Asker: 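Would you mind keeping the following structure in view while I ask a few things?
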There are 2 protein chains.
Amino acid sequence: MKGNAVFKRSYNQCLRQLAGQAIGASLPSESELAQSLEVSRTTVRSVFASLIDAGIVTVAAGGRRLVRHPGEADYFPDLQTLSAGAAVARRFMEWILQGDFRAGQLLNAAELARQFGTSTTTIREHLAQFQHVGLLERRPNSSWLYKGVTPAFATEIYDVREMFELRSTRSFIELPDDSPPWRELDVIEAEHRALLANIDEDYRTFPQLDERLHRVIHETSNNRFIIDFYDVISTLFHYTYRWNRSDEKQRNTVALLEHLDYIEALRSRDPRAIDARCRKHLRTARATLARSIEFGPFRSPSSPAGVSA
Amino acid sequence: MKGNAVFKRSYNQCLRQLAGQAIGASLPSESELAQSLEVSRTTVRSVFASLIDAGIVTVAAGGRRLVRHPGEADYFPDLQTLSAGAAVARRFMEWILQGDFRAGQLLNAAELARQFGTSTTTIREHLAQFQHVGLLERRPNSSWLYKGVTPAFATEIYDVREMFELRSTRSFIELPDDSPPWRELDVIEAEHRALLANIDEDYRTFPQLDERLHRVIHETSNNRFIIDFYDVISTLFHYTYRWNRSDEKQRNTVALLEHLDYIEALRSRDPRAIDARCRKHLRTARATLARSIEFGPFRSPSSPAGVSA
DNA sequence: AATCTGTTTTTAATGTAAAAAAAACGGAGC
DNA sequence: GCTCCGTTTTTTTTACATTAAAAACAGATT
C-alpha cells in the first residue's frame, strides 16, 4: 500500500558506499549511517537486514563486515527509487515533453491513474503542484485543464523571472565579499572557466552550472516567494531542456560567456551594468525557450495517450 | 463517504430564489436551473426531489409550482455548504487567526483530521495549498512545519506585491479608455466616493472595494503568476483583516483617499506619478499588516489546540 | 555518560471502496 | 430541429485500511 522507495534508495546508496570499501571492512553503526543517508534508523536496519540476506554483509564479532562487492544486479532499478508521488510528477512532465497532451485538453484522474499505474489519490495529490507551475487548472468536481507550454506561458514566466532576478541581484551586491554567496560565486566562476576550456567534451554539464548560478543569486533575496518561483523555473527547465538539442554546444557556449559577463558586472556592484548584463542573458534564455516551444515536443509516433478529451 | 455540500449549497440558493416568488409560480426547467446555479442537472434533480419532499413545491400539470415560502428552518446551516476541502482551508486559517499555532510548530495530519472532523486524505490534499502561501513547509515522510505569520512573512509578501502591482499598472495604462478594466475602474471610483460619503455607517465594506481595485489592476497584467499571487494576498487579507480592528474607520478612510489619488494617477497615465501613489498606498497597507502582526492574533483563553509539538 | 542495537509505538504514504456529482444517453413531446 | 426529463454511466470526492518509515523507548555494552 505504501511503496518502499525510501528503502530502495537507501539500499542503493549503501551499495555505492560499499563498492569503494575493501573486503572485510567494517560498516558504520546504524545511527551513523541513518544520519549520513538522512533516513531513520528503522530504514537502515531493513537495509542491513537485506544486505545480510543478499550475502553482501555478515555480522561478525565486533560489528558488520563487507563480504563481497556488490554487482550491477544487486542494485534496485532507478525507477523504483522514486516515491509514487515523485514518479507521478516526473511522468507527467515527460508526457508533456513528448507532446502527449495538447493545450486545452482535459485530463481525468482515473485515466491518468491507470496510465501511470498508481491510485487516483496519488494523482490528485501530486498533480496539484502543477497548478502553481501554471500548467494545470483545476475545476471543482470536474477534470484538470492542461494549459500547455505555449508562447504565452514562456512570456509570463520570463516576465516574472526577470523581475525576481533583478531584484535578487540588489540583495546580492549588498552582501560583504566574504559572505558564503560570494564565495560560492567564486567557485561557480572558476567552474565556468574550467567548462569553457573543456567545452567540446563537457558542454552537456552546463545546465547544472546554470542552475547553481541563478539559484545562488535568487537565494540571497531571502524571499520565500522568489525562491519558490525559482524552484518552478528550475523544474521546468530541467525538463524542457531536452526539447531542443540543436546547436546545443553553441548555445551553451554563448550562455557561459554571458554568465561570465554577468558575474563581472555583479563584482562591479554597479546596478546599471548588472541590469544590462542580466537582461541580456535572460533575453537569450527566453529566446531559447521560445524556440524550443516552437520546435515543440518530440511528437511520439504513437497516437496521443488514451486520455479523454 | 463524500459530503453533499454541492447539493446543500444549491438547495439553499434555490430556496433564496423561491423566497422572492409568488405562491403558485412555476419553477424553471431542470437544465435552466442547472445552468444558473452552475451545477449539474443531477444535482438540480435531487434539489427538486427534496423540495417536493419538504412540501415547498408540487409537481402539477405543466411543471413544478411553488406551494409555500421557505422559512428559516428550511435552509441548511451555512457551515454544511462548504466542501470538506474548503472547510479545512477555512478552519486552518481561523486557527492561525486565533493563534492556535505558534511559528515553528510541527503539525500532524492525524491530529488535525481529528480536530477538524475529517479524514487525513482531505487534510493532506488541502493543507498543501498553504505551502504556496508560504505558511507551511512540508518535509517528506514527516510532519508539516508552520512557519508563522511573522514580520519576515509580511516583508516578503509585500516586496513581491509591490513589484507585481507596479508592473501591472504598466499594462493597465496601455489599455484604451473604453476597455472593460477602465470601465470597471470608473465604477470602482464611483463606489469609493459613495462609500466616503457614507463612511460612518459603511466603513466595514471597504475590504471588498479594496479587493476589487487591486484585482482589476493585477488582472490586466495577463500573467497567471501575478494573478495567482494576488489570490494568495487576497486570501491572506481576508483573514488577517480581523486581527486588528482598532481605528478601523480611520484606517479605511485613509486607504480610500489613497485609492482615489492612485486612481487619479492612473488616469494621468504618468508612470512616475503612478509609482509614487502606488508605493505610498502599499506602504500604508504594509504598515497596517505589520501592526496587525505585532498586535497579534486574538489569543484564545483556552490553551493552544491539542496538536503535538 | 554515551553509544549501540533490539522492540514498540506513531505517523505518513498510498491503494481501495463507496457516495455524490457530472456527463452521457435516449425517448417523448412540440 | 429543439427542449425537457428519466435513466445509466463516468468521474470526482472523501473515508478508511494497510504498509513503510519515523520516532520513542529500553536494555546492553563499552
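Remember, it's a predicted structure, so these values are computed and weren't measured experimentally. In the text below, chain A, chain B and the rest are named by the order of the sequence lines, each starting its count at 1.
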Asker: Which part of the nucleic acid, if any, lies within reach of Thr42(B) when heavy atoms closer than 4.0 Å are counted: base, sugar-phosphate only, or nothing?
Answerer: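 Contact class for Thr42(B): base.
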
Asker: Counting the atoms with a prime plus P, OP1 and OP2 as sugar-phosphate, which does Arg64(A) contact under 4.0 Å by heavy atoms, base, sugar-phosphate, or nothing?
Answerer: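 Since only primed, P, OP1 and OP2 atoms lie under 4.0 Å of Arg64(A), the category is sugar-phosphate.
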
Asker: Please determine whether a side-chain nitrogen or oxygen atom of Thr121(B) lies at a distance below 4.0 Å from atom OP1 or OP2 of dT14(D).
Answerer: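 For dT14(D), OP1/OP2 do not have a side-chain N/O of Thr121(B) under 4.0 Å.
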
Asker: For Ser119(A) and Thr122(A), which I'm curious about, is there any donor-acceptor pair between the side chains at under 3.5 Å?
Answerer: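 The criterion, which ignores hydrogens and geometry beyond distance, is satisfied for Thr122(A) and Ser119(A).
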
Asker: Does Lys2(B) get its side chain close enough to the base of dA19(C), under 3.5 Å, for a donor-acceptor pair?
Answerer: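 Under the 3.5 Å cut-off, the side chain and the base do not form any donor-acceptor pair.
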
Asker: Do any side-chain nitrogens or oxygens of Arg41(A) fall under 4.0 Å of OP1 or OP2 in dT8(C)?
Answerer: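 It does not, given that no N or O in the side chain of Arg41(A) lies less than 4.0 Å from OP1 or OP2 of dT8(C).
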
Asker: Classify the side-chain pair Gln17(A)/Gln13(A) by whether it contains a donor and acceptor separated by less than 3.5 Å.
Answerer: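 No, because no side-chain N or O of Gln17(A) sits under 3.5 Å from a partner of the opposite role on Gln13(A).
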
Asker: May I ask you to decide whether Glu30(B) forms a salt bridge with Arg64(B), counting only side-chain N to carboxylate O separations under 4.0 Å?
Answerer: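 Looking at Arg64(B) together with Glu30(B), the answer is yes, because their closest N to O distance falls below 4.0 Å.
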
Asker: Please determine whether a side-chain nitrogen or oxygen atom of Thr122(B) lies at a distance below 4.0 Å from atom OP1 or OP2 of dA15(D).
Answerer: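 Yes.
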
Asker: Donor-acceptor pair under 3.5 Å: do we get one between Ser46(B)'s side chain and the base of dA21(C)?
Answerer: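 Absent.
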
Asker: So, does Ser119(B) get its side chain near the phosphate of dC16(D), meaning an N or O under 4.0 Å from OP1 or OP2?
Answerer: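 Answer no for this pair, as no side-chain N or O of Ser119(B) is under 4.0 Å from OP1 or OP2.
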
Asker: With a 3.5 Å cut-off and just heavy-atom distances, do the side chain of Thr120(B) and the base of dC16(D) make a donor-acceptor pair?
Answerer: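 It does not, because no donor-acceptor pair links the side chain of Thr120(B) to the base of dC16(D) below 3.5 Å.
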
Asker: Which whole-number value in Å describes the distance from Tyr11(A) OH to dA21(D) C1'?
Answerer: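 Value for this atom pair: 18 Å.
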
Asker: Would you indicate what Arg138(B) reaches in the nucleic acid, counting non-hydrogen atoms under 4.0 angstrom: base, sugar-phosphate, or nothing?
Answerer: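 It contacts sugar-phosphate atoms only.
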
Asker: For the ring pair Phe101(B) and Phe92(B), is the centre-to-centre distance below 6.0 Å?
Answerer: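 For Phe101(B) and Phe92(B), the ring centres are under 6.0 Å apart.
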
Asker: Ignoring backbone atoms, establish whether Thr118(B) has a side-chain N or O less than 4.0 Å from OP1 or OP2 of dT14(D).
Answerer: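 For dT14(D), OP1/OP2 do not have a side-chain N/O of Thr118(B) under 4.0 Å.
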
Asker: Relative to the 5' end of DNA chain C, which residue comes earlier, Ser142(A) or Arg124(B), by the nucleotide with the nearest heavy atom?
Answerer: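 The residue closer to the strand's 5' end, by nearest nucleotide, is Arg124(B).
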
Asker: Return no unless some side-chain N or O of Asn141(B) is found under 4.0 Å from OP1 or OP2 of dA21(D).
Answerer: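 No, because none of the side-chain N or O atoms of Asn141(B) sits under 4.0 Å from OP1 or OP2 of dA21(D).
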
Asker: Are Trp95(B) and Phe116(B), when compared by the centres of their aromatic rings, separated by less than 6.0 Å?
Answerer: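 Centroid distance Trp95(B)-Phe116(B): below 6.0 Å, so yes.
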
Asker: Using only side-chain N and O atoms of Arg45(B), determine if any of them is under 4.0 Å from OP1 or OP2 of dC5(D).
Answerer: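 No.
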
Asker: Report yes if at least one side-chain N or O of Ser40(A) is closer than 4.0 Å to OP1 or OP2 of dA23(D); otherwise report no.
Answerer: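 No, no such contact exists.
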
Asker: Any N or O donor-acceptor pair under 3.5 Å from the base of dT14(C) to the side chain of Ser83(A)?
Answerer: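 There is none.
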
